[in-house]
Number of protein chains: 2
Amino acid sequence: MDRRATEKDDETSATERPTLKTLAFMTGLGVTTVSRALKDAPEIGAETRRRVQLVAKQIGYRPNRAGVRLRTGKTNVISLVLNTEHELMSFVSDIIYGVTEVIADTPYHLIVTPYSRSQDPLDPVRYLVETGSADGVIISRTQPNDPRARYMLERGIPFATHGRTDMGLVHPYHDFDNYAFAGEAVRYLAGVGRRRLALMTPPVGLTYYGHTVNGFADALSEVGASEVPFNTVSIDHTIEQIRMRTAQLMRRDDRPDGIISSAAAATLAVVAGIEDAGLKLGRDVDVVSKQSSEVLHLFRRELLVVNENFRLAGSELARAVLGWIGGAAPGSLQSLSKPSEVLPYRG
Amino acid sequence: MDRRATEKDDETSATERPTLKTLAFMTGLGVTTVSRALKDAPEIGAETRRRVQLVAKQIGYRPNRAGVRLRTGKTNVISLVLNTEHELMSFVSDIIYGVTEVIADTPYHLIVTPYSRSQDPLDPVRYLVETGSADGVIISRTQPNDPRARYMLERGIPFATHGRTDMGLVHPYHDFDNYAFAGEAVRYLAGVGRRRLALMTPPVGLTYYGHTVNGFADALSEVGASEVPFNTVSIDHTIEQIRMRTAQLMRRDDRPDGIISSAAAATLAVVAGIEDAGLKLGRDVDVVSKQSSEVLHLFRRELLVVNENFRLAGSELARAVLGWIGGAAPGSLQSLSKPSEVLPYRG
DNA sequence: TTGGCAATCTGTAACGTTTCAGTATATTGA
DNA sequence: TCAATATACTGAAACGTTACAGATTGCCAA
């Protein structure tokens, strides 16, 4: 029976997007052969393979994502889950660019999945997993005992966390060594004669809160300096709250002569509070702050900075997720980035 | 013939995600009926409709995106196209949140499509359109004669631009009134006695460069002030370049006594340059700057600011794209946001 | 009674892909 | 020569959805 199979349904008019059927028609092969030839399957003849790939390239064939996804369940999507209230602006921007840099020459797309204060952080993750919307997930604001990581581990969906967990479970992560950061900062301040130090902490509850606080405490006792408690605010608070609390702190008799801040945005507020109290940066108090872009030295030359590279974090996280998807061992996809030295303003 | 159709292939074990077939089995209806009942089609009985929708809600049915996309071509995806080198950090973060806010209770996902300096800005758009990867697109860095807008208009894919075009073609946009901003700024500076004004411009080539320059020029002649040319840099340049050029400018005899800056990041550099030249903000020169978050007054109290809300821009752009997708007239989906007054530091 | 019609519901095909179970031909070993 | 086997290819089915073209029922007008 003469079934010229594709003739009746495939437009030769070339205005439509080419499919496997189009390629099959053009090469005179079956769609199965074309499909396998394109992915270098072994049972396809070398010449056929080359021929198919040539034609595919010529006419600009691109696999239909919906077709692949429906058939295989593979979405070719990585989802970045973000808190719309509490992420740092520079974090969002840089991490996205870091991720896109890595997935640029892969078939992956990046989708951004937001959640707000009012929601359980588990909600967006559950949504992604239940609807099978992504092959891999990146989360931030990681907690020592993180329900999201536990959940994804149970469900077997590849993910990576920005920050570590502490649940005895192994999964990919990228983290900045905040223990080292706080330690370096304390030692630097001690080195310039500061003895009474306060810490503008990360949000209580996140893993790196603990790292930072521990690095701070350990280094304090190492150098024999003392802590001025400052735990009524964290970098999650508003500019106004931080500013006010800092001013209150700095008006006390036992005020600190050194402050360590975990985020650039908070540092702006801290400095404002210091100045509200009539004190001068670099004279009455030194401030060491993390920053992710070179902005603090423009703000006040007296600030001491340590750089944290969020774009790198994004790249590492993307690499980790892709690695896990690709079958690598989760335990081999962990990275820790060391802080730079404490940097004073350079001319 | 007793064909208990779904029995052999549908797991009753409920571990799998429910599909229309599952619903059909549970309700005893055909999958067509279920499909139509879920989307309130008219030829479905009222009771059946309610029954199907109840069961669907109970078991947490969610349509399979790949199925819908394959069958209908509808992706339920909005793509935000971003330049990875030249977007402002706050822009990226805020616009994403603005968009996600609007699409949160729709089936839409947001994908971020990046492009870098080395690429033609048309590339990512062409990719999206050719692969049918999105139902709607949002672009920024809009030009008066924008090939991307022209291309998408030709291809009939809904989009919205951040910034206007000037090609005689109508499409949705959201823009900030930079003509008004520059005018307000000039008038304010003139009002405090400044007569020789310079403009730190937007990137040459983008539409709002023209708007800003025109607003500046028109207001200058209105108030009888004069311009000090400062066109060797724009806000796209690096901090270091802007700082150096500003210092050069401020060391000249005919230096400006007022500067208007189109972006907060650039303003930091401008102020650094002013201070490099040994001049004092508020005394020797006043600076009016746009900002998108309340950061400049912490930086220097003497700065004068005008607020531009990028989160609003994101929301408006998302609304515009969804509106166009929904069949609204493109011409009815345009919005212009007016600048706030020029705001000095308030105690 | 009959034909027509509205109201509800249904099976089949198709979207583009991959997998399964082949088929046809050439090649090899005995 | 024959069977076994390797090589290179193929059609059909399935993923979950929607559109199309019916099918069934009951009701009403003639």
Side-chain angles (χ1 to χ4, degrees), chain A residues 1-6 8-11 16-52 56 59 61-76 107 130-133, chain B residues 1-6 8-11 16-52 56 59 61-76 107 130-133:
Chain A
M1 194 201 310
D2 179 12
R3 279 196 78 233
R4 281 167 302 175
T6 57
K8 67 163 182 289
D9 29 13
D10 234 33
E11 299 291 318
E16 290 302 318
R17 198 148 90 90
T19 70
L20 288 181
K21 215 194 280 188
T22 320
L23 284 178
F25 179 67
M26 296 181 72
T27 56
L29 297 162
V31 319
T32 303
T33 310
V34 172
S35 173
R36 317 211 65 179
L38 287 177
K39 48 175 56 69
D40 288 319
E43 62 268 63
I44 302 296
E47 193 202 311
T48 305
R49 195 205 321 276
R50 261 179 295 128
R51 199 158 61 86
V52 170
I59 67 175
Y61 168 77
R62 306 260 199 173
N64 178 304
R65 310 191 118 234
V68 175
R69 180 164 171 177
L70 181 57
R71 176 65 232 241
T72 65
K74 184 138 205 288
T75 62
N76 285 314
E130 283 177 0
T131 61
S133 288
Chain B
M1 195 203 311
D2 179 12
R3 279 198 74 232
R4 282 169 301 178
T6 57
K8 66 163 183 288
D9 30 12
D10 234 33
E11 300 289 320
E16 291 302 317
R17 197 148 90 89
T19 69
L20 287 182
K21 216 194 280 188
T22 320
L23 283 179
F25 179 67
M26 296 181 72
T27 56
L29 297 163
V31 319
T32 304
T33 311
V34 173
S35 173
R36 315 212 66 180
L38 288 177
K39 47 174 57 70
D40 288 318
E43 62 268 62
I44 303 296
E47 195 203 309
T48 305
R49 196 205 321 273
R50 262 180 294 126
R51 198 158 62 88
V52 169
I59 67 174
Y61 168 77
R62 306 257 198 178
N64 178 304
R65 311 190 117 235
V68 175
R69 180 164 171 178
L70 181 58
R71 178 63 233 242
T72 64
K74 183 137 206 287
T75 62
N76 284 313
E130 283 177 0
T131 61
S133 288

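Lettering of chains follows the sequences in order, A, B, ..., and the numbering in each one begins at 1.
- What separates CZ of A/Arg65 from C1' of D/dT17 is a distance of 19 Å, to the nearest Å.
- Scanning both residues, B/Pro63 and B/Val68, for their nearest heavy atoms gives CB-CG2, 4.3 Å.
- With the end axes of the helix from C/dT1-D/dA30 to C/dA30-D/dT1 each set by five pairs, the angle from one to the other reads 60° at 10° resolution.
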Exercise. Going 5' to 3' along nucleotides 19-27 of chain D, which nucleotides have protein heavy atoms under 4.0 Å from the base (write B), which only from the sugar-phosphate (write S), and which from neither (write -)?
Worked result: BB-------
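- Taking all atoms of both residues into account, the shortest heavy-atom contact from A/Tyr61 to A/Leu20 is OH-CD2, 3.5 Å.
- The interatomic distance linking A/Leu29 (CG) with D/dG11 (C1') rounds to 14 Å, in whole Å.
- Among C/dT18, D/dT17, D/dC9, the nucleotide with an atom closest to any side-chain atom of B/Pro63 is D/dT17.
- Taking each heavy atom of B/Arg65 and B/Thr75 in turn, the nearest pair found is NH1-O, 3.5 Å.
- The side chain of B/Thr48 lies closest to C/dC9, out of C/dC9, C/dT17, D/dT18.
- Between A/Arg51 atom CZ and D/dA8 atom P the separation is 14 Å, expressed in whole Å.
- Among all heavy-atom pairs drawn from B/Thr131 and A/Arg17, the shortest one is O-NH2, 3.5 Å.
- Put simply, CD on A/Glu43 is 16 Å from P on C/dG22, counting in whole angstrom units.
- The side chain of A/Lys21 lies closest to C/dC15, out of D/dT10, D/dT18, C/dC15.
- At whole-Å resolution of the value, CG in B/Asp40 and P in D/dT18 are 13 Å apart.
- Rounded to an integer number of Å, the gap from A/Leu38 CG to C/dT17 P is 9 Å.
- Using a 4.0 Å heavy-atom cutoff across all strands shown, B/Gly132 reaches no nucleic acid atom at all.
- Scanning both residues, B/Leu70 and A/Ala66, for their nearest heavy atoms gives N-CB, 3.7 Å.
- For A/Leu20, the listed nucleotide lying nearest its side chain is C/dT18; candidates were D/dT18, D/dC9, C/dT18.
- Shortest non-hydrogen contact noted between B/Arg69 and B/Ser133 is NH2-CA, 3.7 Å.
- Toward the 5′ end of DNA chain C lies the nearest nucleotide of B/Pro42, the other residue of the pair B/Gly67 and B/Pro42 mapping further downstream.
- Atom-to-atom, CZ of B/Arg49 to P of C/dA7 comes out at 13 Å; the value is rounded to the nearest Å.
- Residue A/Asn64 places its side chain closer to C/dT17 than to any other of C/dC9, C/dT17, D/dT18.
- Contact annotation: the side chain of A/Glu16 never approaches that of A/Thr22 to less than 4.5 Å [non-hydrogen atoms, C-beta and beyond].
- Rounded to an integer number of Å, the gap from CG of B/Leu70 to P of D/dT17 is 12 Å.
- Considering only heavy atoms from C-beta on, B/Leu23 comes within 4.5 Å of B/Ile59 through its side chain.
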Throw together a table of side-chain donor-acceptor distances under 3.5 angstrom for residues 30-42 of chain A, partners on residues two or more places apart or in other chains.
from	atom 1	to	atom 2	distance (Å)
A/Arg36	NH1	A/Glu43	OE2	2.5
A/Arg36	NH2	A/Glu43	OE2	3.2
A/Asp40	OD1	A/Gln53	NE2	3.0

